[in-house]
Amino acid sequence: MEADQLREAFINFFKSKDHAQIGSASLIPENDPTVLFTTAGMHPLVPYLLGEKHPMGKRLVDFQKCIRTGDIDEVGDYSHLTFFEMLGNWSLGDYFKKESIAFSHEFLTKHLGFTNDQLAVTAFAGEEGIPRDEETAEIWKSHGMKDEQIFFYGREDNWWGPAGVTGPCGPDTEIFYDNGQPKCGPDCGPSCHCGKYTEIWNNVFMQYFKNDKGEFEPLAQKNVDTGMGLERICCITEGKKSVYDTSLFTGIIAELEEISGRKYEGDAIRDFRIIADHLRAATFILGDGVVPAKVGQGYILRRLIRRAARNMSKLGYDEVFMDRVCAKIVDQYGDAYPELIREKDNICRNIRAEEEKFHSTLVKGLRRFNEMVANAGDAKVMDGELVFRLYDTFGFPVELTAELAAEKGLTVDMEDFQNRFRTHQEKSRAGSEQTFKGGLADNSEETTKLHTATHLLNAALRELIDPNIRQKGSNITADRLRFDFNFDRKLTPEELKSIEAFVNDAIQKDIPVVCEEMPVEDAKASGAIGVFDNKYGAIVKVYKIGDVSAELCGGPHVSHTGEIQGFKIKKEESSAAGVRRIKAVVGKF
Ligand code: SER
């Protein structure tokens with residue numbers, strides 16, 4: 001079964017089990033303070049897992065675009081990716097273990113054609129205060145799984161969350177594909193990396209809340225959160241050895257072969273894979289309105305584009321080529337992700353601009369390299385620091401520097417470079433884990449106030465400055481809100497004052513904040529603003545603040561604007577080309 005059919009089969013199966021389909025959310029988390037990207041299907045659902053009512057009901061299904069950059073250096077092997085799609089189904093306080101396992105088993109065996117022999121499953125082994133999950137094992141047995149196919153593991157393998165320090169979490173049961181090869185040793189099992197087992201589905205039973213004392217309290221609302229990586233399952237159902245050989249990639253790789261005149265074989269395989277992965281991720285990030293920048297999502301985007309350019313250069317191709325590949329990716333994914341079609345021109349234009357810019361960096365880097373060589377005097381070895389600087393600042397791959405150095409009769413201190421590289425990698429990995437850990441949008445009083453203030457600010461900008469202003473990004477921490485919007489010049493001090501006055505006026509009037517649920521078409525017709533992407537036919541929540549603001553949003557919000565107390569703009573600055581950024585605080589001043 002190929003990718004398009006898999007998505008469809010998954011959605012239809014869960015629809016037949018009374019799940020409502022929700023659209024894939026943006027890769028840029030809405031109102032989530034600390035994460036750069038949506039990293040799992042559950043991410044956009046966090047408020048609902050914490051108890052907010054979801055307008056589409058208690059059983060949901062979707063496919064969600066995700067980005068994880070923690071393993072970016074691993075990309076190029078047979079399985080690692082930065083962009084992937086996650087198929088997921090959720091129970092928000094509805095069914096639990098028994099039904100969840102039954103659904104997964106039925107889908108895998110009846111719809112994807114797996115036999116029980118091809119599967120292995122895991123359950124939580126238990127620890128102090130939390131019992132061993134015998135219930136899950138018993139349920140699997142009732143579906144014909146044998147004792148030797150059921151493995152118990154501890155927290156490392158069979159526990160998911162909380163995404164933050166506190167929050168919902170729970171044991172999970174993971175489902176593996178067993179390719180039938182002999183065990184590599186007596187301890188071989190799903191947690192072994194010998195290749196016998198591939199994880200295909202993770203069902204998390206969110207039944208605990210980890211509190212700030214580190215204790216696990218039973219959760220009032222027990223949820224199920226499942227995730228199945230589309231690329232991996234595709235790899236198995238299409239009978240391929242690598243995710244890059246599946247229908248998700250063959251078109252992209254063929255296009256790259258045609259452009260470069262090289263074949264996807266031998267030493268070139270890794271470069272092809274890196275280019276294909278990075279350009280797929282870049283296309284989707286650009287499709288969600290991000291442009292290359294020095295920080296944040298824009299920086300990750302820039303890194304992906306530059307790495308792709310470098311690898312294409314390694315294949316011997318130095319012309320501008322990326323917009324052509326992006327157009328191909330849009331055509332392939334446009335049915336599942338219509339936003340790509342809408343944004344096609346922007347995607348192609350922005351990637352081309354960035355690619356052209358990098359070509360000039362490449363030239364500057366070469367100049368710097370020549371200076372370094374000139375300064376090296378009689379030294380025969382280029383030290384690791386210089387090599388690392390070329391890598392870090394100009395994006396020079398160490399292989400390229402080594403080649404250039406050899407032409408000048410120099411070698412490169414590889415060991416020193418590798419040490420620096422590793423330290424850097426550990427730091428960036430720790431950084432990305434950190435970002436993800438903080439990812440749970442906490443529904444504290446402060447962030448709720450800031451959230452409602454964001455709606456008022458959005459309304460003020462459209463009312464006072466320009467009705468075409470649209471939200472380009474929103475980020476809330478416990479201390480401040482940050483709002484990005486399209487506008488092409490600096491706001492004057494008078495304009496900023498008038499915006500503050502508008503918001504403070506709405507706060508003083510203590511207007512009730514009312515949430516209404518309605519079909520998305522009605523929300524649109526009523527003039528509510530917000531991101532309507534991928535929500536066709538859906539029931540959505542519209543938060544109304546008197547006649548000041550009506551915005552599509554998941555919440556939560558204060559019940560009366562007076563709770564915000566006061567609003568103050570701290571900063572107005574440029575965020576990217578054509579995008580301005582306002583930082584503001586709330587409270588009593
Ligand atoms: N949240 C879990 C995961 O990311 C299940 O969807 O694997």
Side-chain angles (χ1 to χ4, degrees), residues 29-34 44 46-55 164-168 209 211-212 220-221 438 440-464 469 471 473-485 496-518 523 526-531 540-572 581-589:
E30 258 180 88
N31 299 312
D32 193 333
T34 45
V46 166
Y48 311 103
L49 294 164
L50 288 172
E52 275 279 313
K53 182 170 174 267
H54 195 289
V165 179
T166 61
F209 184 90
N211 66 22
D212 51 10
Q221 171 180 315
L440 256 196
D442 73 297
N443 295 347
S444 73
E445 219 176 292
E446 276 319 296
T447 56
T448 305
K449 287 181 194 168
L450 286 159
H451 192 176
T452 310
T454 303
H455 282 213
L456 291 172
L457 169 61
N458 195 346
L461 286 164
R462 293 162 60 94
E463 180 73 27
L464 304 173
I469 284 179
Q471 170 170 336
S474 164
N475 172 297
I476 292 168
T477 68
D479 309 316
R480 57 114 183 100
L481 66 86
R482 196 181 80 192
F483 188 74
D484 292 355
F485 56 100
L496 293 175
K497 282 230 157 56
S498 70
I499 293 166
E500 268 184 4
F502 180 99
V503 175
N504 280 316
D505 182 54
I507 292 172
Q508 238 139 56
K509 288 191 179 129
D510 200 20
I511 308 168
V513 182
V514 184
C515 174
E516 284 177 22
E517 293 179 13
M518 58 182 89
S526 79
I529 57 170
V531 189
V540 293
K541 282 183 175 180
V542 175
Y543 276 89
K544 289 194 176 156
I545 310 176
D547 55 8
V548 180
S549 156
E551 204 174 313
L552 225 74
C553 178
H557 284 280
V558 298
S559 63
H560 284 80
T561 55
E563 292 165 42
I564 305 170
Q565 293 178 309
F567 173 83
K568 211 183 204 134
I569 294 177
K570 285 297 207 187
K571 208 171 189 178
E572 191 272 346
R581 166 169 290 179
I582 284 181
K583 287 186 184 159
V585 292
V586 297
K588 223 181 189 141
F589 302 110

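Numbers here simply count residues along the sequence, with the first being 1.
The ring pair (Phe, Tyr, Trp, His ring centres under 6.0 Å) test applied to Phe502 returns no partner, not counting sequence neighbours. Here Gln508 pairs with nothing under the side-chain contact (heavy atoms from CB on, under 4.5 Å) rule; sequence neighbours left out. In terms of the side-chain contact (heavy atoms from CB on, under 4.5 Å) criterion, residue partners of Asn504 (sequence neighbours excluded) are, by chain and number, Glu500, Ile507, Phe567. Listed by chain and number, the residues in a side chain to side chain donor-acceptor pair (under 3.5 Å) with Glu463 amount to none (sequence neighbours excluded). Applying the side chain to side chain donor-acceptor pair (under 3.5 Å) rule to Arg581 yields the partners Asp484; only residues at least two apart in sequence or on another chain are considered. Residues passing the salt bridge (Lys or Arg N to Asp or Glu O under 4.0 Å) test with Glu572 are Lys490, Arg580, sequence neighbours excluded. Applying the ring pair (Phe, Tyr, Trp, His ring centres under 6.0 Å) rule to Tyr543 yields the partners His557; only residues at least two apart in sequence or on another chain are considered. Judged as a salt bridge (Lys or Arg N to Asp or Glu O under 4.0 Å), and not counting sequence neighbours, Arg482 has no contacts. Qualifying side chain to side chain donor-acceptor pair (under 3.5 Å) partners for Lys497, counting only residues two or more places apart in sequence or in other chains: none. When the side-chain contact (heavy atoms from CB on, under 4.5 Å) test is applied to Lys571, the partners found at least two apart in sequence or on another chain are Glu573, Lys583.
A distance of 4.5 Å separates CD1 of Ile511 from OG1 of Thr561, quoted to the nearest 0.5 Å. Rounding to the nearest 0.5 Å places CE of Met518 at 5.0 Å from OG of Ser526. If you take CG on Leu450 and CG on Asp479, they are separated by 8.5 Å, rounding to the nearest 0.5 Å.
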Derivation and outcome, side chain to side chain contact (heavy atoms under 4.5 Å, CB included), residues Lys544 and Val542: CA-CA 6 Å; Lys544 289 194 176 156; Val542 175; 4.1 Å; yes

Audit row: Ser498, Leu464, side chain to side chain contact (heavy atoms under 4.5 Å, CB included) steps and yes/no: CA-CA 8 Å; Ser498 70; Leu464 304 173; 3.8 Å; yes

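For residues 503-512, the set of pairs meeting the salt bridge (charged side-chain N to carboxylate O under 4.0 Å, His left out) definition, not counting sequence neighbours, comprises Asp505-Lys509. Within the structure, salt bridge (charged side-chain N to carboxylate O under 4.0 Å, His left out) pairs that include any residue of residues 559-570 do not occur (at least two apart or interchain).
Nearest heavy atom pair, residue Ala584 against residue Ile569, reads CB-CA, 4.0 Å. Contact record, Ile499 with Ala460: CG2-CB, 3.9 Å, taken as the closest heavy-atom pair. Closest approach of Ile564 to Ala453, counting heavy atoms only: CD1-N, 3.9 Å.
Using bins of under 30°, 30° to 60° and over 60° for the plane-to-plane angle, the ring pair His451/His455 lands in the perpendicular bin.
Arg480 contributes a side-chain N or O that, together with a main-chain N or O of Asn475, makes up a donor-acceptor pair within less than 3.5 Å. Although no hydrogens or angles enter the test, the distance criterion places no donor-acceptor pair under 3.5 Å between the side chain of Glu446 and the main chain of Gly587. For Arg462 (side chain) and Ile469 (main-chain N/O), a donor-acceptor pair under 3.5 Å exists by modelled atom type. Here the side chain of Ser549 pairs no donor or acceptor atom with the backbone of Leu456 at under 3.5 angstrom.
Of the residues listed (Lys541, His54, Lys53), the one engaging Glu517 in a side-chain hydrogen bond (donor to acceptor under 3.5 Å, both in side chains) is Lys53, and it is the only one.
Contact annotation: the side chain of Thr454 approaches that of Ser474 to within less than 4.5 Å [non-hydrogen atoms, C-beta and beyond]. Residues Asn458 and Glu551 have side chains in contact (heavy-atom distance under 4.5 Å, counting atoms from C-beta outward). Considering only heavy atoms from C-beta on, Ile545 comes within 4.5 Å of Thr452 through its side chain.
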